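Sequence lines set the chain letters: A, B, ... in the order given, protein chains first and strands last, and positions in each chain run from 1. Since we're looking at a predicted model, the values are computed, not measured.
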Protein chains: 2
Amino acid sequence: MLTTDQIIEAMSEHGLRITDQRKTLAKLFGEHSGYLTAKDVYEYMGQKYSGLSFDTVYRNLRVLNDLGVLEQVVFEEGVKFRGRCSEDHHHHHMICLQCQKTYPITFCPMQLTDAPDDFQVVQHKFEVFGYCRECGQEEGGKPMSGVGAARRDERG
Amino acid sequence: MLTTDQIIEAMSEHGLRITDQRKTLAKLFGEHSGYLTAKDVYEYMGQKYSGLSFDTVYRNLRVLNDLGVLEQVVFEEGVKFRGRCSEDHHHHHMICLQCQKTYPITFCPMQLTDAPDDFQVVQHKFEVFGYCRECGQEEGGKPMSGVGAARRDERG
DNA sequence: GTCAGTGCAAACAATTTGCATTTGT
DNA sequence: ACAAATGCAAATTGTTTGCACTGAC
């Protein structure tokens, strides 16, 4: 995962202006490894900027996504964002349904998949969903403990 | 894939009324094997029913989905529907980016994936995207069989 | 000082809901 | 006949856009 500073630097390198909001956004994705919805981001940022508007959040998420700093993924429940994986080799993810953290899977099923010669493969997606150790099998799990919860251990 | 008649029967068995629209809808999904958006369905149905409204399309898609006759899948470009696979064993799909038709993959990568003991797997998704023989790499590939064009949109 | 970034309102797109009317059974 | 299905309008939710103002460089 990119650090807060790396994210800021990436923006700077591309001639983007480093506003206070963007610093906060960089910090959010630099320190939080799970997937966040635009709404999550809005709520987190909203704590600091009272007059915050949704469209600015969307604009910045888009900018960071285009810049390759964030990855945008579509889930059943909607679109979510997270800092780009720093692992440079191809990999897939296990995603915790509770806290949204992801864990890399180095194994890629594609190499073992027999594609008929006449099907020209362009892309593939392999995702495993479940509960990580911390979220375990607790029943009435709360819906993602907000953005504030500090997370240790970053990987993929 | 379920046939038109099987779809109608399923509706009937569940006490749903077989309206003209629903017959047409059954025919559409009974004869077309690719994924369709609500809009695709609306446009197809609209040819026959001038006063057709979008909400009825949505309602019926939902009904058929709840009934298990259709499967609803979320793609990058949005939600799509297709007749439920009749293959009763677990499988995955190769999906043509052009015509949206799907081809089953019997191989399931899950059995080969090492989930750490502390990650409790609940679900997984494995999808391969590309171009089928018919759609090949032709540029302006032919559109879907009359139901409306599928958008291309790819990256990575 | 300039031009990119922001807030605001308003536009859009996708999907859902309330209600009066129509229609399958 | 009666409840379910439909059409219409309007509400919701998620996301984008036009424009005047503010602030980073």
Side-chain angles (χ1 to χ4, degrees), chain A residues 7-28 35-67 69-70 72-81 143, chain B residues 7-28 35-67 69-70 72-81 148-151 153:
Chain A
I7 295 176
I8 292 178
E9 196 183 306
M11 288 194 279
S12 194
E13 272 172 13
H14 285 258
L16 297 177
R17 293 182 178 170
I18 309 307
T19 65
D20 222 57
Q21 274 198 35
R22 284 182 175 164
K23 274 185 213 152
T24 306
L25 198 55
K27 185 157 181 284
L28 174 55
Y35 282 99
L36 299 174
T37 63
K39 199 174 158 208
D40 292 332
V41 175
Y42 176 71
E43 279 163 6
Y44 173 83
M45 303 268 295
Q47 294 168 10
K48 192 163 177 184
Y49 309 94
S50 55
L52 184 66
S53 61
F54 238 115
D55 49 84
T56 303
V57 170
Y58 275 110
R59 263 187 291 239
N60 280 330
L61 287 174
R62 176 120 72 122
V63 164
L64 290 186
N65 181 61
D66 291 348
L67 219 144
V69 165
L70 294 187
Q72 178 177 339
V73 182
V74 180
F75 293 101
E76 307 276 326
E77 329 86 63
V79 176
K80 297 186 181 173
F81 300 82
Chain B
I7 294 175
I8 292 177
E9 197 182 306
M11 287 195 279
S12 195
E13 272 173 12
H14 285 259
L16 298 177
R17 293 182 178 171
I18 309 308
T19 64
D20 224 56
Q21 274 196 35
R22 284 181 174 164
K23 274 184 212 150
T24 306
L25 198 56
K27 186 156 181 286
L28 173 56
Y35 282 99
L36 299 174
T37 63
K39 197 173 160 207
D40 292 333
V41 174
Y42 176 70
E43 279 162 7
Y44 173 83
M45 304 269 293
Q47 294 169 10
K48 193 165 180 184
Y49 309 94
S50 55
L52 183 67
S53 61
F54 238 116
D55 49 84
T56 303
V57 170
Y58 275 111
R59 263 186 292 238
N60 280 329
L61 286 173
R62 176 121 71 122
V63 165
L64 289 186
N65 182 61
D66 290 349
L67 220 144
V69 164
L70 294 187
Q72 180 178 337
V73 182
V74 180
F75 293 102
E76 307 276 326
E77 329 86 62
V79 176
K80 296 185 181 175
F81 300 83
R151 286 153 289 278
D153 153 49

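- As judged by a 4.0 angstrom heavy-atom cut-off over every strand, B:R62 is placed among residues touching the sugar-phosphate backbone only.
- Between the side chain of A:Y35 and the backbone N or O of A:F75 there is no donor-acceptor pair closer than 3.5 Å.
- Proximity of a side-chain donor or acceptor of B:D40 to a complementary backbone N or O of B:T37 within less than 3.5 Å is detected.
- For the pair B:Y58 OH and C:dT16 C1', the interatomic distance rounds to 10 Å; values are reported in whole Å.
- Residues B:L67 and B:L16 have side chains in contact (heavy-atom distance under 4.5 Å, counting atoms from C-beta outward).
- The NZ-C1' distance, from A:K39 to D:dT13, rounds to 10 Å in whole Å.
- Checking C:dT15, D:dT6, D:dT16 against the side-chain heavy atoms of B:V79 singles out C:dT15 as nearest.
- Whole-Å rounding puts the A:H14 NE2 to C:dG5 P distance at 13 Å.
- With D:dT17, D:dA3, D:dC25 as the choices, the nucleotide that has an atom nearest any side-chain atom of B:R17 turns out to be D:dA3.
- Mapped onto DNA chain C by nearest heavy atom, B:G78 and B:D20 fall at different nucleotides, with B:G78 at the one closer to the 5' end.
- Under the 3.5 Å distance criterion, the side-chain polar atoms of B:R22 are left unmatched by any main-chain donor or acceptor of B:I8.
- Judged by distance alone, the side chains of B:T24 and B:Y49 do bring a donor and an acceptor atom under 3.5 Å apart.
- Of the two residues contacting DNA chain C, namely B:F54 and A:T56, the nearest-nucleotide position lying further toward the 5' end is that of A:T56.
- For A:D55 and C:dA10, the CG to P distance is 13 Å, given to the nearest whole Å.
- Distance from the side chain of A:R22 is smallest to C:dT6 among D:dT16, C:dT6, D:dT6.
- Applying the 4.0 Å criterion to OP1 and OP2 of C:dA4, one finds that A:T19 has every side-chain N and O outside that range.
- In this model, the phosphate group of D:dG23 is not approached by any side-chain N or O of A:Q21 to a distance below 4.0 Å at OP1 or OP2.
- With rounding to whole Å, A:Y49 atom OH is found 13 Å from D:dG23 atom P.
- For B:R59 and D:dC8, the CZ to P distance is 12 Å, given to the nearest whole Å.
- Taking atom CD1 of A:I8 as the reference point, atom P of D:dA24 lies 14 Å away to the nearest angstrom.
- In this entry the distance linking CG of A:N60 with P of D:dA24 reads 14 Å, nearest Å.
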